[in-house]
Every structure is written in structure tokens, then in C-alpha cells.
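Data first, discussion second: the structure below is written as C-alpha cells.
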There are 2 protein chains.
Amino acid sequence: MTDSSRPTRTHKAPEQRRREVLEAAAVVFAEVGYRCAEMDRIAERAGAGKGTVYRCFASKETLFMATVEKALEDLTCYVNEAVDPLEDPLEQLRLGIHRYLEFFECNPETVELFIQERAEFPKNGKPLYFVYQETSGGKWRARFEKLIEQGRMRPDMSPALAQEVFSDLLYGAVFSQLLAGDRESRAERADEISELLFRGILKPES
Amino acid sequence: MTDSSRPTRTHKAPEQRRREVLEAAAVVFAEVGYRCAEMDRIAERAGAGKGTVYRCFASKETLFMATVEKALEDLTCYVNEAVDPLEDPLEQLRLGIHRYLEFFECNPETVELFIQERAEFPKNGKPLYFVYQETSGGKWRARFEKLIEQGRMRPDMSPALAQEVFSDLLYGAVFSQLLAGDRESRAERADEISELLFRGILKPES
DNA sequence: ATGATTAGACGGACTGGTCAGTCCATCTTC
DNA sequence: GAAGATGGACTGACCAGTCCGTCTAATCAT
């Protein structure tokens with residue numbers, strides 16, 4: 001028996017173990033997808049045994065959902081911490097778009113997790129992404145309404161529809177960018193995208 | 001042995017068999033996802049034995065990709081047959097949006113197939129949806145360029161970006177509608193969505 | 001028209017490999 | 001020395017793909 005054959009065991013604080021496993025899981029799930037992600041591999045990457053992983057998370061599914069939830073918290077936080085302090089709703093929209101696109105460009109593996117969630121658990125009801133979206137939906141809706149009150153937005157335009165179009169576009173953009181693979185950065189063109197949504201593609205009526 | 005225990009065997013034309021298997025596969029794949037779709041179940045639904053299924057398609061993956069390709073052909077056809085005859089590029093855009101949304105509303109299982117494709121075969125390179133999109137991309141780009149030539153579209157707006165925004169939005173809308181589950185029909189509001197993209201949400205500059 | 005013959009279509013029992021989750025001997029830490 | 005954390009060998013379920021005995025139907029001989 002050489003030293004190398006004796007793995008070093010260490011007792012760690014439960015929260016730290018949990019964090020390490022979660023981190024390893026996020027990487028492996030994003031890399032090879034839910035099905036092909038072997039618990040052995042996650043354990044190995046986390047520097048732990050399989051038994052340890054199962055003491056932190058009851059099942060593969062539980063572990064996976066925890067990684068998705070973590071990613072959503074990070075996203076929400078990244079957008080809100082920049083947007084909430086602003087006053088002007090139009091600027092909030094513009095920056096919100098920018099931040100959202102930027103987040104996914106910095107964390108492309110997050111998109112992978114969202115795809116995996118829906119693909120593997122269609123029976124779980126609404127994917128967590130949409131649960132979170134619903135939570136913050138009201139706040140965004142209010143911003144559109146404020147624009148109308150201020151007389152800056154066309155009153156014939158429904159705030160609800162506008163909000164949906166904005167969020168659909170962002171969702172689609174993020175997926176397209178990752179999946180189509182060969183497109184240029186959307187985040188860098190966030191302002192042009194905002195401009196399109198604010199003013200449209202056509203010349204103002206003559 | 002009663003009659004019911006003796007399954008009726010019939011020799012069918014290879015193309016018909018293929019079609020029947022493909023149809024059964026589309027249903028089962030969309031219903032339970034790629035992984036959980038058992039070849040036995042697809043065979044049963046197609047009214048055939050597993051051996052027969054494997055004579056039509058070399059592997060589960062081959063069969064699955066064939067169902068995705070079929071769905072994409074149907075989509076492309078549904079949009080183009082309505083749009084191509086039109087002359088006015090703006091009307092082409094408007095109707096294209098409508099048709100696209102309508103197709104997915106009538107065939108929601110198609111979305112499921114696209115999700116599954118990407119989730120299960122991230123290593124296959126670009127998902128077929130984006131391969132198809134690239135094929136028809138040029139045609140749409142040309143329509144935006146024509147709008148500029150005609151002096152109807154803002155010349156500072158890049159046709160390439162406009163095209164991407166349109167397709168990202170549609171992609172996102174279709175996914176959101178299916179996955180969020182509780183939203184009203186997007187297809188019915190296609191004209192409002194077009195209006196938003198054409199004119200923007202803001203009042204024309206005073 | 002009718003029966004004999006046979007290529008090859010057909011179905012489904014079976015096999016082999018793959019992992020999620022369990023379990024316990026071992027090691028750490030107090 | 002005891003409590004309980006740890007890791008990894010092991011088990012049982014699952015299912016894609018194979019393989020072969022059975023059955024269909026087309027062809028041909030009469």
C-alpha cells in the first residue's frame with residue numbers, strides 16, 4: 001500500500017460539504033446533462049465518496065433541483081442589484097436587458113441546466129425558471145405601467161403584452177446564443193435591442 | 001390459445017411501416033421524453049415488434065432525430081406556403097410571425113421534441129432547429145433589406161440584428177407559452193406583437 | 001384455380017452493460 | 001474509547017439492441 005492508494009478522509013462542516021457537492025454537481029450536470037451525469041463522477045469531483053453525497057442530498061433529482069435553484073438565485077440577484085436602485089423605468093428596462101444577457105454570457109452552463117430541468121422533469125409542473133419569473137413579473141409589469149402613466153409609452157400598448165414580449169425575447173436570445181453557437185455577443189448589443197423594442201424597426205410615420 | 005393471444009402479422013410496404021413507426025415515435029418521445037421512451041412502447045404503439053422498428057431505424061437515436069427532422073419540415077412548410085406568395089415584405093413578416101406561433105400552438109409536442117434533442121445530444125453540434133433556421137435565415141434577412149431599400153425601415157437599424165431579434169422572440173415565445181403553461185394564446189396576439197416590433201412601445205418622439 | 005415452396009418480414013424473449021442507491025468496514029475526531 | 005462521518009464495493013432494476021423461430025404472401029407448377 002502506497003500513500004497514493006490511501007485517500008485522505010476529512011470530516012468537514014455539513015454546510016461546506018453541501019456547497020462543495022453542489023458546485024461539483026453544477027459543473028457535471030451542465031457538462032454532460034442530467035442522465036449522463038453519474039453520481040460517482042459528481043462525488044469524485046467534489047472530493048468525496050458517494051455515500052457522503054447521498055447524506056447531503058437524498059437523491060440525484062434532489063441534488064439536481066438544488067443546482068437549478070442556486071443558478072436562479074444568482075441570476076435574480078445579478079439583475080436586481082443593478083436595476084432596483086434606478087429611478088427611471090425606461091433605464092431599468094434598458095439595464096435589466098443588459099444585465100440579463102450578460103449573466104448568461106458569463107454563465108452559459110446555466111442555460112444548460114434549464115434545458116435539462118425541463119427535458120428530464122416535464123412532469124414536475126412548471127420549470128423553476130418560470131416560477132421565478134412569475135415572482136418578479138409583477139415588478140416589471142409595474143414599470144411598464146409607470147411608463148404609461150408618465151405618458152411616455154403608447155397607451156394602446158398593453159403593459160402585460162409588452163412585458164411578455166420582453167421576457168420572451170430575452171429567453172429566446174439566451175437560448176439561441178448558446179445553442180446556435182456561432183452568433184456574436186448579444187450582451188454587447190443590448191442597447192440596440194432595447195432601442196428596437198422602444199422605437200420599433202420602422203421609420204416614424206411620415 | 002384464443003384469437004386474442006395471436007397477434008395478427010401483416011407485411012406492409014416499407015414506407016408505410018416507416019411512417020407508422022415515425023408517428024408513434026413522435027407521440028411517445030414528446031409524451032415521456034427521450035430517455036423514458038422505451039423502444040418496446042414505441043413498437044407497441046406502432047403496432048409492430050421491436051425487431052421491425054429496428055429494421056426501419058438503426059438505433060433509438062436515429063429514430064429520434066428522424067422525428068425531429070420531420071417536425072422541422074412540417075414547420076418550414078407551414079410558414080413558407082403562406083408567406084412566399086406575398087409581395088410586401090412587411091406583410092410577409094407579419095404573417096410569418098402569425099403562422100409560426102400558430103404552428104406551435106397546434107403542435108405543442110414539437111417544442112418538446114426540440115427540448116429533448118438539445119438536452120440529450122448536446123455533443124451532436126448545433127441542434128437541427130438552428131440548422132434549419134440558418135437555411136431560411138437568408139430569405140428573411142433579404143426581406144428586412146428590402147424594407148430599408150424601400151425607405152420604410154430605419155436605416156440605422158441593422159437588418160441582421162432585426163432578424164435575430166425577431167427569431168429570438170418567436171423562439172422564446174413558443175417555449176414560454178408551452179413551459180409556463182398558464183399564458184394565453186400568443187398566436188391570437190400575433191398582430192399586436194408585430195405592431196410592437198414595427199413601431200416600438202414608446203410614443204413617437206414629440 | 002389451387003396447392004407447394006420459400007424469401008424474407010415479423011415479433012418478442014433474451015442478453016449484457018449501465019448506474020442509482022444501499023450498506024458496512026474503516027477512519028477521524030473529540 | 002465511542003460516536004458518527006466517510007468512501008466505495010455491491011446489488012438490483014432497467015432497457016437498448018440482438019437473434020432466431022414463426023408466419024405471410026409472392027411465385028410458380030400443375
Side-chain angles (χ1 to χ4, degrees), chain A residues 1-22 24-25 28-29 31-67 116-117 119-121 123-124, chain B residues 1-22 24-25 28-29 31-67 116-117 119-121 123-124:
Chain A
M1 287 272 186
T2 64
D3 277 347
S4 65
S5 72
R6 180 139 57 88
T8 332
R9 285 191 185 189
T10 3
H11 293 195
K12 292 183 181 170
E15 322 80 52
Q16 195 196 340
R17 263 287 200 250
R18 206 185 143 87
R19 225 178 311 122
E20 286 173 6
V21 170
L22 209 52
V28 176
F29 280 134
E31 210 168 70
V32 301
Y34 179 78
R35 283 294 157 166
C36 295
E38 300 161 28
M39 292 300 270
D40 290 289
R41 188 163 159 195
I42 292 172
E44 187 190 16
R45 177 160 198 122
K50 217 205 269 205
T52 305
V53 171
Y54 272 92
R55 215 171 342 90
C56 296
F57 298 91
S59 68
K60 188 180 182 182
E61 181 173 344
T62 307
L63 172 56
F64 177 72
M65 293 311 278
T67 68
Q116 294 292 326
E117 186 203 348
E120 298 294 335
F121 307 108
K123 297 285 140 71
N124 273 13
Chain B
M1 289 270 188
T2 63
D3 279 344
S4 65
S5 73
R6 180 137 59 85
T8 331
R9 284 192 185 187
T10 2
H11 292 195
K12 293 181 182 171
E15 321 81 51
Q16 195 197 340
R17 261 290 197 249
R18 206 185 142 86
R19 227 179 308 122
E20 286 173 6
V21 170
L22 210 51
V28 176
F29 280 133
E31 212 166 72
V32 300
Y34 179 79
R35 283 295 157 163
C36 295
E38 300 162 28
M39 293 299 269
D40 290 288
R41 186 162 161 198
I42 292 171
E44 187 190 20
R45 175 159 199 125
K50 217 204 267 203
T52 305
V53 171
Y54 273 91
R55 213 167 346 87
C56 296
F57 298 92
S59 69
K60 189 181 184 182
E61 179 174 346
T62 308
L63 172 56
F64 177 72
M65 293 311 278
T67 69
Q116 294 292 326
E117 185 202 349
E120 298 295 336
F121 306 107
K123 297 286 141 72
N124 273 12

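Residue numbering restarts at 1 for every chain, and letters A, B, ... go by the order of the sequence lines.
Considering only the side chain of A/E38, C/dC19 comes nearest among D/dA5, D/dA25, C/dC19. Among the nucleotides D/dA25, D/dG17, D/dT6, the one closest to any side-chain atom of B/T10 is D/dA25. Here the nucleotide nearest the side chain of A/R9, chosen from C/dA25, D/dG17, C/dG8, is C/dA25. Of the candidate nucleotides C/dT29, D/dG7, C/dA13, C/dA13 has the atom nearest to the side chain of B/K50.
Residues A/F121 and A/Q116 are not in side-chain contact: their nearest non-hydrogen atoms beyond the backbone lie 4.5 Å or more apart. Side-chain contact between B/E61 and B/Y34 is present, with heavy atoms from C-beta onward closer than 4.5 Å. The shortest distance between side-chain heavy atoms of B/E117 and B/F29 does not fall below 4.5 Å. Counting heavy atoms from C-beta outward, B/R17 and B/R55 have side chains that stay 4.5 Å or more apart.
Across the protein-nucleic acid pair, A/F64 atom CZ and C/dG21 atom P stand 14 Å apart, rounded to whole Å. The CZ-P distance, from B/R35 to D/dC15, rounds to 11 Å in whole Å. Separating the CD atom of B/E61 from the C1' atom of D/dG17 is a distance of 14 Å, rounded to the nearest angstrom. Atom-to-atom, NZ of A/K12 to P of C/dT29 comes out at 11 Å; the value is rounded to the nearest Å. Distance B/F57 CZ to C/dC10 P: 13 Å, rounded to the nearest Å. The distance from atom NE2 of B/H11 to atom C1' of D/dT22 is 10 Å, rounded to the nearest whole Å. Following rounding to the nearest Å, A/R41 (CZ) and C/dA20 (P) show an atom-to-atom distance of 12 Å.
If A/D40 and A/G49 are placed on DNA chain D by their nearest nucleotide, the residue sitting closer to the 5' end is A/G49. Comparing B/A48 and A/M39, the nucleotide of DNA chain C nearest to each residue sits closer to the 5' end for B/A48.
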Let me check something: any side-chain donor-acceptor pairs from residues 39-49 of chain B under 3.5 Å, sequence neighbours excluded? List them with distances.
unit_1	atom_1	unit_2	atom_2	d
B/D40	OD2	B/K50	NZ	3.4
B/R41	NH2	B/E31	OE1	2.7

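Taking the screw axis at each terminus of the helix from C/dA1-D/dT30 to C/dC30-D/dG1 from five consecutive base pairs, the angle between the two is 10° to within rounding of 10 degrees.
Of the side-chain N and O atoms in B/T52, one or more sit less than 4.0 angstrom from OP1 or OP2 of C/dG11. Contact annotation: A/R17 side-chain N/O to D/dG7 OP1/OP2 distance is under 4.0 Å.
Under the 4.0 Å criterion applied to side-chain N and carboxylate O atoms, A/E120 and A/R35 are assigned as salt-bridge partners.
At the heavy-atom level, B/A37 lies under 4.0 Å from the strands shown only through sugar-phosphate atoms.
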